[in-house]
Amino acid sequence: MYLARVFVALKKGVLDPQGETIKRSLASMDFPGVEEVRVGKVIELKLDAVSEDHVRTQIEQMCKKLLANPVIEEYSFEIMEV
Amino acid sequence: MYLARVFVALKKGVLDPQGETIKRSLASMDFPGVEEVRVGKVIELKLDAVSEDHVRTQIEQMCKKLLANPVIEEYSFEIMEV
Amino acid sequence: MKFGVVVFPGSNCDADVKHVLQDVVNQDTRFVWHKDPLPRALDCVVLPGGFSYGDYLRTGAIARFSPVMEGVMEFAAQGGLVLGICNGFQVLTEAGLLPGALMVNKNLKFMCKPVYLRVEHNGTPFTNALNAGDVIEVPIAHGEGNYFADPEVLEEIERNNQVVFRYCTREGVVNAQANPNGSVNNIAGLINKEGNVLGMMPHPERCSEEVIGRVDGIKVFQSIINWWQGRK
Amino acid sequence: MEPTVWRSMGLRDDEYLRIKELLGREPNYVELGIFAVMWSEHCSYKTSKPVLRKFPTQGRQVIQGPGENAGVVDIGDGQAVVFKIESHNHPSAIEPFQGAATGVGGIVRDVFTMGARPIAILDSLRFGDLDNNRTKYLFSGVVSGISWYGNCLGIPTVGGEVFFDKSYEGNPLVNAMCIGLVDQDKLAKGAAAGIGNPVMAVGARTGRDGIHGATFASAELTEASEESRPSVQVGDPFMEKLLLEACLEIISEDLVVGMQDMGAAGLTSSSSEMAARAKTGLEIDVSLVPVRETGMTPYEIMLSESQERMLLVPKKGTEDRVQEIFEKWGLKAVKVGRVIEERVLRIKEGENVVAEIPVQALVDESPVCHYKVVEPLDRENLKLDLDAIPEPADYNQVLKSLLSSPTIASKEWVYEQYDHGVGINTVVYPGSDAAVMRIKGTSKGVAASTDCNGRYCYLDPYEGGKIAVAEAARNVVCSGAVPLAITNCLNFGNPEKEEVFWQFNKCIEGMSEACRRLNTPVTGGNVSFYNESPQGAVHPTPVVGMVGLIADIDNRLTQAFKTAGSKVLLLGETKGELGGSEYLYYIHKLTAGTPPGLDLNTEQRLHRVVLEAAEKGLLLSAHDCSEGGLAVALAESVITGSLGVKVKLPQFDGRLDALLFGEDQSRIIVSLSEDMMPELMEVINRHSIPYHVLGEVTEDGFLVLTASGSEVINLSTGEITNIWREEIRCRMS
Ligand SMILES: Nc1ncnc2c1ncn2[C@@H]1O[C@H](COP(=O)(O)OP(=O)(O)O)[C@@H](O)[C@H]1O
Ligand SMILES: [Mg+2]
């Protein structure tokens, strides 16, 4: 069994309104010094597969097809055996 | 300058409708073997602070007060100097 | 009776609640800006629906830290009536005034439609004009109304009779089919132990006038007025 | 300068020469970029301008016709309705959620810059056939995007349409319309008047998003567009909500001279258009514009299409108060320049002038393309041979199947995701012919509908254009409202193709005729060309957004049958025209024939009958026959009323499928209680409208249709309700 952790984030330069709003509210809650906040997703998948290589190509495909939209998002992932 | 990466995930035992939906879509898209999907958030913060220790207490506080809701979520984080 | 309707940045049912309170049930009603302190002389505070702070991070999570909320907590602690509708309910749970949390709807979609609610008991300031067991039709309009609480908390809520409204069928049957969003025990509205803070996902202000098609919601506002008059 | 530079910006060689001529020198890079976006099809309307002049734009009800941020019509009592429609097709094709969301954001800004509070949104959508995953992905993303943005703003989305046809495969159409309400004395304009007045940038900070988005919308979608990343922006409805409240507050305090959304071509188009309208000039220092990324060049700042920004010209001396109000809403208002007398757009970076262009050169001197209108010769393949189509054996089956066609099936799955009740003004909810909003404090209501059948326009662009207007008006009439005026969104393919340009011309001529006859002038609109996919151009789709007025909302109507025992009448004539019908498309996989004919005189008399009857309170329901014809219209009234109906179909010589599913125009089904019949007859006869008494609403919950004495359809309301209501939901889950 493998555990894959996929990180999906807005590309650099793409506005992150959520991050901006969190940043402002942290400032108003007296947390000084926060320069930037960006919010992304972590998608954890448990998969049954024959090999790590196979998982890797699977995940790559899932990201391209479903988990991220390359127009505004970028992704990365890590895989471990569990 | 420090970069803190906060991971917020639903607690075990809390149903994750988003994860469930992704799991179902993956199955219908012919990705077999996916046993479980859970979706969480990554909040990346860039902070100006005097020390890593200081950042640590700051982030701990932010998580407790704002970034996670202990009723349904748990959090963890990592900090690096950048 | 004096009502205050809190306006957070992103509130969008504030004017609707004010309209019903002021022009339909004829009560003295004012807006309270989230940065201002809560005015002293209020008899009831309403946290209206909407998308405070764009619903960013979690619904209600940021609004809960608005300056006005300190006053609202204090007001509630002293027994003042607080009604949270939709986003207002979410703010109340985030603030800890009500137990549990509201998560994304089971089908992940925003849902706007009338639903049936069973009135679980009428011994509250918000439901005395209704009867226990009544079925009322009230619209929902939310993406995150999926009520959740730990099993222990849930048991306590039920034991204390804190559930005020449950999603049900037109005939009053509480079942999975009648549950629009996945809420545990079909919970649509919940009161605190002390009985002065009510949170509900459905919008009573959207069904308080004949002309917009439904009128069951007005009973909630009339209950509040009854209760207050009875107390005087 | 190398030709590759201007060509890469989408300028033609002759355009470059013209720019040199206008400036009397070589443009620099920034100036060239400014010209490129201002002269793009999207901003300059260079292809469509000469054709758009054919639209009638005058009328007593019109307060503001085309040319401003949105149209304005009088609704009495010193009040006015502000409305406009706009497309976001190309962004939605590559990022459906954000593309559609930012489309809503843009049109809402156009309305509140006029000083109006937005009270309703409508969305008109077109997708390919709903049977492949890509279409489902687009459909689902677009609907969620609209839902997210509109709901967060607290503006109800009360109506619209969704049409599925393979011609839209790969190039969906996403048009959003917004309606606002304003007191006439609070109307604001997009003019930078008053020499010396400050110019302020308000709202979101400027990033590198969507640079050259306007030119992007002016080119065909290719596979490479998927990669042209920065062209799609992320919306921030929360920011927009704050902006909306702040802008309305400064207008109510009378601090504003003019303002405009920084939409397509951002700061460039907003500044030059505002100056052009006021016959002034503007001087802007880009180093003062708040940016969200470091190292942005003047070029990038001028061309950025970051969302949720406005350009504002307040009255001199009110800057502090303006800032105070924006700060209250957590926003910044920053002075970035001033209005000048010399009619130039002067862009500075600190003390350096980085661009200086005469305003007229950008706005009025933009090139005009006069393409020839050539009627395509070979349209043989569109001929319809009915004899080759077998008549169905089982009409119950066919009707059930048609009710499950996604174009006809209930759009509940869509509008349930839209908050259509916020504002508590909606008095006719989505699910009837037109939505109706009450105007609080009066007895009035505003009705609205969007309509267009692209298939008709493809088969006969002139008739199709006429029908789009007439159907929109008819829908509004079915709610009891008098049609007032239209806005339109003209979605077409590549106009450089002869056939497309011909379609464009013909559609506009047809629409114009209908607008003239129905007294619904055009108050504004939007043109979207280059809607092409690898399979070719989309069907010509001139979407009409109609608004109407009900004097007393107690007289409003819906399509649902109300009480058993009431009489059901069909107003209008049944000819059995099957050309271009949904029946042919969905059941027989055919797009052929000539669309149903439309006589505008008859149409107008039909409207009079329904409006007079509604005003006298004679009617219980009204529903027009559109896609699916008489049978589907009856089914819809039965389903939404949870009742039954027993109907004797009109005497008819032709084929039964033509009688049941033909989409003959100018037909409205009304129901009324029997004692109102004489009065209705009087109205009908006075306007000499053909009619047929269909039958009676029944309690038993069956749709029963008989033709020449024999039963042709007998279905239970329960069964057809399930089919009609669940089809889209099923396909989407
Ligand atoms: N995209 C949409 N958004 C909101 N409402 C919609 C949408 N599509 C359809 N509706 C609503 O569903 C009902 C039926 O639409 P439609 O079949 O287009 O009606 P008609 O044939 O009368 O034009 C209308 O009330 C319409 O407003
Ligand atoms: Mg209709």
Subject >> Contact winner vs chain C - Gln417(D), Lys440(D), Lys241(D), heavy-atom pairs under 4.5 Å >> reply: Gln417(D)

Subject >> Side chain, backbone, both or neither of His142(C) within contact of chain D (heavy atoms, under 4.5 Å) >> reply: neither

Original post:
Of the non-hydrogen atoms in Arg556(D) and Val211(C), which two are nearest, and what is the gap between them?
Top reply: NH2-O, 3.0 Å

**OP:** Evaluate the ring planes of Tyr56(C) and Phe238(D), with Trp represented by its six-membered ring, and classify them as parallel (under 30°), tilted (30 to 60°) or perpendicular (over 60°).
**Re:** perpendicular

Original post:
Are any of the side-chain nitrogens in Glu209(C) or Arg438(D) under 4.0 Å away from the carboxylate oxygens of its partner?
Top reply: yes

**OP:** Return the option, out of Ala15(C), Gly50(C), Cys13(C), Gly10(C), with the maximum number of heavy-atom pairs under 4.5 Å with chain D.
**Re:** Gly10(C)

Original post:
Can we say Asp419(D) and Lys113(C) salt-bridge, meaning some charged N sits less than 4.0 Å from an Asp/Glu carboxylate O?
Top reply: no

**OP:** Go through the atoms of Asp554(D) and report whether side chain, backbone, both or neither lie under 4.5 Å from a heavy atom of chain C.
**Re:** neither

Subject >> Minimal non-hydrogen separation, Asn12(C) against Val422(D), with atom names >> reply: O-CG2, 3.6 Å

Original post:
Which bit of Pro139(C) is near chain D, if near means a heavy-atom gap under 4.5 Å: side chain, backbone, both or neither?
Top reply: neither

**OP:** Inspect the surroundings of CD in Glu615(D) and state if more than 12 heavy atoms from other residues, nucleotides or ligands are less than 6.0 Å away.
**Re:** no

Original post:
More than 12 heavy atoms of other residues, nucleotides or ligands under 6.0 Å from NZ of Lys35(C): is that the case?
Top reply: yes

**OP:** For Cys112(C) and His420(D), run side chain to side chain contact (heavy atoms under 4.5 Å, CB included): C-alpha distance rounded to whole Å, both residues' side-chain angles, the deciding distance at 0.1 Å, then the answer.
**Re:** CA-CA 7 Å; Cys112(C) 177; His420(D) 47 257; 3.6 Å; yes

Original post:
Pick from Gly154(D), Ser733(D), Cys152(D): which one has the most heavy-atom pairs with chain C under 4.5 Å?
Top reply: Cys152(D)

Subject >> Under 4.5 Å from a heavy atom of chain D, the part of Ser208(C) involved >> reply: neither

**OP:** Heavy-atom distances under 4.5 Å only: say whether Ile155(D) touches chain C with side chain, backbone, both or neither.
**Re:** neither

**OP:** Find out whether Trp413(D) and Lys109(C) are in side-chain contact, i.e. whether some heavy atom of one side chain is under 4.5 Å from a heavy atom of the other.
**Re:** yes

**OP:** Using non-hydrogen atoms and a 4.5 Å limit, figure out which bit of Ser147(D) sits close to chain C: side chain, backbone, both or neither.
**Re:** side chain

Subject >> Other residues, nucleotides, ligands: >12 heavy atoms within 6.0 Å of Glu253(D) CD >> reply: yes

Subject >> Part of Tyr429(D) within contact of chain C (heavy atom distance under 4.5 Å) >> reply: side chain

**OP:** Kindly give the heavy-atom pair with the smallest separation between Val20(C) and Ile424(D), and that separation in Å.
**Re:** CG2-CD1, 4.0 Å

Subject >> Nearest heavy-atom neighbours spanning Trp33(C) and Lys328(D) >> reply: CZ2-O, 3.2 Å

